[in-house]
Amino acid sequence: MRQLPWRNTNDPYKIWLSEIILQQTRVAQGLPYYQNFIEKYPDVKALASAPEEEVLRMWQGLGYYSRARNLHACAKEVVEKYDGFFPEDYISLQTLKGIGKYTAAAIASFAFKEAVPAVDGNVFRVLARYFAIEENIADTKNFAIFFNTALEIIPKDQPDLFNQAMMELGATICTPGNPACLVCPVSVGCTAREKGTQKKLPVKEKKVKVRQRFFYYLMWEKDDKIAMKKRGPQDIWQGLFDFDLIESKTALNNNVVEETILAEVPDAEVLSISAPVKHVLTHQRIEAVFIGLKNPSSVYLKERELSYFKKEQIEELPKPILIDKYLKGRIN
DNA sequence: AAGCCGGGGCA
DNA sequence: TGCCCAGGCTT
């Protein structure tokens, strides 16, 4: 069993924090973030009273930034509505921001010993193989099949150990690619192993389409400052700071964008144009060029909701990794 | 019920 | 370069 700082504790705050960080994130990547958060915010009250931007900055690089916003909102609700104590059952926990079925079950079983199965990707896989369940795990309507199967075998006296063992088995032995059946403690009784269908399970069918996007970043410079804007809702990187952005539906073409800028901001002076920078996400593929400029009109700045920041300030702001990569590349 | 949301590891 | 990892929220 791997020794991790959020194990062997009953503190719901630590368990909750680790679970939110570890959603869609590997232990090796999440561990340093967990340690930074615990150091900076030792309890839920400390986290609740932090500014949201600071929390986002702490989260920078982990992705799925709605997790950080929900984390902060949840901490505030726990402090304001529950006097700093997390609700103690599976159903109530799910009313909090960012806590769904999996995370609620993890907290309820680890912190409060409630006998409810925590079905994450690892557990889906273990259950699908052990019981040879062929239903598509990507289809939400099949969740109940897996949940109820686990509910039948979870021991009422130590549900926390059961959940931890199931996840650990999936993470270390019953792995997606090459399950280590020879050393698996439950290989006897595993239906998939009996039938030799381990690698076919779990069944997972999902259609994913990738959006190709083209970004022109306009870096308006003034003295040692650059204009930036906080990103709004309805898109990626909510709440993070971006440079002034013109998005194009067609492939990057510097001439076209230069004409567009000059038409809107006649006095603008282009100082530099970077080579295209590519950024690949799971569902989006972004190509960006960074254009250094000066002399925007004050009307333009106001309409675009841009404000100037000193370069040292920009380092402290929460930003998409794409921006960070570009800025670091420029220094080197 | 379906679509959206970021990173990193690895072949 | 392409494929894999996955839980929760919004529409």
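Worth knowing before you read on, the calculation uses all heavy atoms, side chains too, and leaves out hydrogens, waters and symmetry mates. It should be emphasised that the depicted structure is a prediction, and the values quoted were computed from it without experimental measurement. Convention: sequence-line order gives letters A, B, ...; per-chain numbering from 1.
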Less than 4.0 angstrom between a side-chain N/O of [X] and OP1 or OP2 of [N], yes or no?
X: A:Trp237; N: B:dG7; answer: yes
X: A:Lys204; N: C:dC4; answer: no
X: A:Thr25; N: B:dG6; answer: no

Self-check item: Spacing of the C1' atoms in C:dG8 and B:dG9 (rounded, Å)
Solution: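 About 23 Å, rounded to a whole number of Å.
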Self-check item: Rounded distance in Å between the P positions of C:dC9 and B:dG8
Solution: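 About 24 Å, rounded to a whole number of Å.
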Quiz item: For A:Tyr217 and A:Asp242, does a side-chain donor sit closer than 3.5 Å to a side-chain acceptor?
Solution: yes
Practice problem: Would you kindly say whether A:Gln198 and A:Arg129 are connected by a side-chain donor-acceptor distance under 3.5 Å? | Solution: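 There is no such pair (donor and acceptor under 3.5 Å, judged by atom type) between the side chains of A:Gln198 and A:Arg129.
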Atom-to-atom span, [atom1] of [X] to [atom2] of [N] - whole angstrom:
X: A:Arg125; N: C:dC5; atom1: CZ; atom2: P; value: 8 Å
X: A:Gln60; N: B:dG6; atom1: CD; atom2: P; value: 13 Å
X: A:Lys97; N: C:dG7; atom1: NZ; atom2: P; value: 20 Å
X: A:Leu62; N: C:dC5; atom1: CG; atom2: P; value: 20 Å
X: A:Asp139; N: B:dA2; atom1: CG; atom2: C1'; value: 10 Å
X: A:Trp59; N: B:dG6; atom1: CH2; atom2: P; value: 12 Å
X: A:Asn70; N: B:dC4; atom1: CG; atom2: P; value: 19 Å
X: A:Leu22; N: B:dG7; atom1: CG; atom2: P; value: 17 Å

Quiz item: Using the benzene-type ring in the case of Trp, are the ring centres of A:Trp220 and A:Tyr300 under 6.0 Å apart?
Solution: yes
Quiz item: The side chain of A:His279 lies closest to which of these nucleotides: B:dG7, C:dG2, B:dA1?
Solution: B:dG7
Practice problem: Identify which nucleotide among B:dG7, C:dG7, B:dA1 has an atom closest to any side-chain atom of A:Tyr65, counting heavy atoms from C-beta outward. | Solution: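 Closest nucleotide to the A:Tyr65 side chain: B:dG7.
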Practice problem: Indicate, with a heavy-atom threshold strictly under 4.0 Å, whether A:Tyr64 touches base, sugar-phosphate, or nothing. | Solution: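 Touches a base.
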Quiz prompt | Sugar-phosphate, base or nothing in reach of A:Asp120, heavy atoms under 4.0 Å | solution = sugar-phosphate
Exercise. Kindly state each residue pair satisfying salt bridge (Lys or Arg N to Asp or Glu O under 4.0 Å) with at least one member in residues 50-73 of chain A, sequence neighbours excluded.
Key: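 Listed by first then second residue: A:Glu53-A:Lys230.
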Quiz prompt | Nearest-0.5 Å distance that lies between atom CG in A:Leu201 and atom CG in A:Leu127 | solution =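 So the gap between those two atoms works out to 11.5 Å.
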Taking only nitrogen or oxygen atoms into account, show me every contact under 3.5 Å that the protein makes with nucleotides 8-11 of chain B, one pair per line with its distance.
residue: B:dG8; atom: N2; partner: A:Arg26; partner atom: NH1; Å: 3.4

Quiz item: Ignoring hydrogens and geometry, is there a side-chain-to-backbone donor-acceptor pair from A:Ser109 to A:Asp160 under 3.5 Å?
Solution: no
Quiz item: Between A:Thr140 and A:Pro320, which is nearer to the 5' end of DNA chain B once each is assigned its nearest nucleotide?
Solution: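 Between the two, 5'-proximity favours A:Thr140.
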Quiz item: Of A:His279, A:Gln212, A:Arg213, which meets side-chain hydrogen bond (donor to acceptor under 3.5 Å, both in side chains) against A:Gln284?
Solution: A:Arg213
Quiz prompt | Closest heavy-atom pair and its distance - A:Ala48, A:His72 | solution =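 Here A:Ala48 and A:His72 meet closest at O-NE2, 3.7 Å.
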